[in-house]
Amino acid sequence: IGVQEYIFIWERIIMKSNYFTVNETAVYFNISKSLVRKMIRECKVKFYRVGRKILIKLEDFEAAMVPVETTEKYLSDLY
């Protein structure tokens with residue numbers, strides 16, 4: 001198997017699974033890429049490295065997300 005065939009096989013495996021790159025994860029959850037990288041850096045998210053790619057399972061990322069209260073309720077308590 002040549003390098004090109006090997007890369008093609010890995011890309012097919014990844015596309016069939018639910019592994020996303022940092023950019024794809026950020027777009028999917030509508031958050032910034034820097035937040036995704038920060039969560040990886042702080043080891044809050046389980047990630048997988050394939051060569052230079054960092055891959056994240058959506059289930060792992062959803063498990064690491066923490067719900068945040070909206071500011072509407074907080075502001076209404078202040079005023």
Rounded to the nearest 0.5 Å, what separation is found between the CD1 atom of Ile54 and the OG1 atom of Thr21? 10.0 Å
How long is the straight-line distance from CE of Met39 back to OG1 of Thr25, given to the nearest 0.5 Å? 10.5 Å
Do Ile56 and Ile40 pass the side chain to side chain contact (heavy atoms under 4.5 Å, CB included) test, and can you show the C-alpha distance, the side-chain angles, and the key distance before you say yes or no? CA-CA 9 Å; Ile56 305 164; Ile40 291 170; 3.6 Å; yes
Counterpart residues, side chain to side chain contact (heavy atoms under 4.5 Å, CB included), relative to Tyr28 (two or more places apart): Phe20, Leu58
What closest approach, in Å, do Tyr19 and Glu24 show between heavy atoms, and which atom pair accounts for it? O-OE1, 4.4 Å
Where is the tightest heavy-atom contact between Lys46 and Asp60, given as atom of each residue plus distance? CB-OD2, 3.9 Å
What pairs of residues pass the salt bridge (charged side-chain N to carboxylate O under 4.0 Å, His left out) test when at least one of them lies in residues 32-43, not counting sequence neighbours? Glu42-Lys44
Any Tyr48 side-chain heavy atom under 4.5 Å of Lys53 side chain: no
Hydrophobic clusters here meaning ILVMFWY residues chained together by side-chain heavy-atom distances under 4.5 Å, can you tell me if Met65 and Val27 are in one? no
Taking only residues two or more places apart in sequence or in another chain, which ones pass ring pair (Phe, Tyr, Trp, His ring centres under 6.0 Å) with Phe47? none
